[in-house]
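Whatever order the structure lists them in is the order used to number ligands and atoms, beginning at 1.
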Amino acid sequence: MHNRRSFIKSTGLATAITAIGCNASTQKNTSKIQEYPKIISTWKHLEDNKAALDELLSGSSVLDAIETGIRMAENNAEDLSVGVGGLPDRDGNITLDACIMDSAGKAGSVSFLQGIRHPISLARKVMENTPHVMLTGAGAQQYAREIGFPLEDLSTVESNKAFAEWKKKSIYKPKINIENHDTVGMLAIDNNGNLAGGCSTSGVAYKMHGRVGDSPIIGAGLFVDNDYGAATATGMGELVLRTLGSFLVVELMRQGATPAEACKDAVMRIVDKGNYQDLQVGYVAMDKQGNTGAYSLVSGFNYTETTKSDSVILDADSYLD
Ligand code: GLY
């Protein structure tokens, strides 16, 4: 078993907690009720969070807020790990993964999707309009076309250039570390304390064709339990998949851990299993009271927290400096 660090640093809001010599999984969450509504997302997503918050403030549902915020990230061609302009696999194909969960515990997901700009919206359609949770590959694209999503070339000058550069050596070492961000994961809570979440990615750059990561897997890249909390993941999907990380974070919150403690415990589960060298994983979580927390394997992971009064980028505490 790992040795616990003696103190989890405050993330800047009212989430400072002590974990000295106690089991985080059994510690009661005594945090105060936070400001509603609130949006948190992995990495720097100030504009995307604001779009989500504005959607909520306009009277839309917490699920609409998530879809709006993530659609904005998917539209951002400068983000090389999500939607348009996402870096391709080693054969030059951009393949996208996404999932969404609502307050009722319903879930929708698409994986290995090509040519569709907004996988998050398609995941929502799968959730709301089919008897299934997950569609993949050609079948997901076929469903998208049937319901009116246009087929698009999602490559950009930048993504093509990056791929051409990678091809010069074609070193097959898919890796996500601190220099190589990935994935937008977003969680939201509305005025009534209802939670929803989503996540979207083009996955690990230059991965094998057909590789699917954690992001579209319910319980790995995302999990929402409206009674207890929500969590989402970023980083090397294989590590998250092996530990079903987001479900684990929510389960730990259900057992009484704060969001920060739960994220840390889930990262330490990866550490305990080994084989994490040179890789990054980060979790963000929000509990039913709107308290938030985050933790990552390696320093350098940050996340964005947005309320009506403030929108800030916070550094997550980490296992490795
Ligand atoms: N976390 C995104 C991926 O591994 O594909």
Side-chain angles (χ1 to χ4, degrees), residues 41-45 70 73-74 76 79-91 93-101 109-114 116 119-120 123 134 136-137 140 154 159 162 166 172-187 197-223 230-249 263 266-267 269-270 273 275-285 294-298 300-303 316 318:
S41 56
T42 54
W43 306 111
K44 294 176 183 167
H45 287 286
I70 291 186
E74 291 172 339
N76 180 4
D79 187 331
L80 300 181
S81 66
V82 179
V84 175
L87 292 175
D89 63 23
R90 65 181 183 175
D91 300 325
N93 308 289
I94 299 174
T95 70
L96 305 175
D97 301 328
C99 72
I100 195 162
M101 281 191 85
S109 159
V110 290
S111 67
F112 191 43
L113 175 69
Q114 295 184 56
I116 303 296
I120 195 70
M134 187 170 193
T136 194
L154 302 178
S159 68
W166 176 80
Y172 187 58
K173 202 176 174 195
K175 175 164 152 172
I176 293 175
N177 59 18
I178 52 172
E179 291 90 34
N180 184 8
H181 296 181
D182 89 312
T183 309
V184 56
M186 188 177 284
L187 310 173
C199 109
S200 183
T201 189
S202 51
V204 182
Y206 320 126
K207 60 198 174 188
M208 285 178 73
H209 188 57
R211 180 265 186 189
V212 169
D214 61 309
S215 301
I217 307 300
I218 304 301
L222 173 76
F223 197 69
T232 187
T234 181
M236 194 69 194
E238 280 72 5
L239 298 182
V240 179
L241 281 166
R242 288 181 197 134
T243 50
L244 211 55
S246 292
F247 178 79
L248 178 59
V249 172
C263 290
V267 166
R269 192 73 63 98
I270 292 170
K273 301 289 174 203
N275 299 319
Y276 58 85
Q277 283 73 17
D278 296 331
L279 299 174
Q280 174 66 304
V281 166
Y283 291 109
V284 297
Y295 198 81
S296 63
L297 202 43
V298 188
F301 172 52
N302 49 40
Y303 62 107
S318 62

Donor-acceptor contact below 3.5 Å, side chain Ser109 vs main chain Ala123: no
Ligand 1 atoms in contact with Asp214 (distance to a heavy atom under 4.0 Å): 1 (N), 2 (C), 3 (C), 4 (O)
Numbered atoms of ligand 1 (with element) below 4.0 Å of Ser215, judged on heavy atoms: 1 (N), 2 (C)
Check: Gly185 main-chain N/O paired with Thr42 side-chain donor or acceptor under 3.5 Å: yes
Heavy-atom pair with the smallest gap, counting every atom of Val110 and Pro216: O-CB, 3.3 Å
Sub-4.0 Å atoms of ligand 1 with respect to non-hydrogen atoms of Thr183: 1 (N), 2 (C)
Test side-chain contact (heavy atoms from CB on, under 4.5 Å) applied to Leu297 and Leu239, step by step: CA-CA 11 Å; Leu297 202 43; Leu239 298 182; 4.0 Å; yes
Polar proximity ligand 1 side, Gly203 side, N/O cut 3.5 Å exclusive: no
Ligand 1 atoms in contact with Val204 (distance to a heavy atom under 4.0 Å): 4 (O), 5 (O)
Distance-only N or O hit between ligand 1 and Gly237, under 3.5 Å: yes
Mutual orientation of the aromatic rings belonging to His209 and Phe112 [parallel < 30°, tilted 30-60°, perpendicular > 60°]: perpendicular
Criterion side chain to side chain donor-acceptor pair (under 3.5 Å) on Ser111 and Thr136, from CA distance to verdict: CA-CA 5 Å; Ser111 67; Thr136 194; 2.6 Å; yes
Qualifying salt bridge (Lys or Arg N to Asp or Glu O under 4.0 Å) pairs, either residue in residues 232-246, two or more places apart: Arg211-Glu238
Short N or O distance, Thr234 and ligand 1, threshold 3.5 Å exclusive: no
Nearest-option assignment for atom 5 (O) of ligand 1, heavy atoms, candidates Met236, Glu238, Lys207, Arg211: Arg211
N or O pair under 3.5 Å between Thr201 and ligand 1: no
For Gly235, the ligand 1 atoms whose distance to one of its heavy atoms is below 4.0 Å: 1 (N), 2 (C), 3 (C), 4 (O)
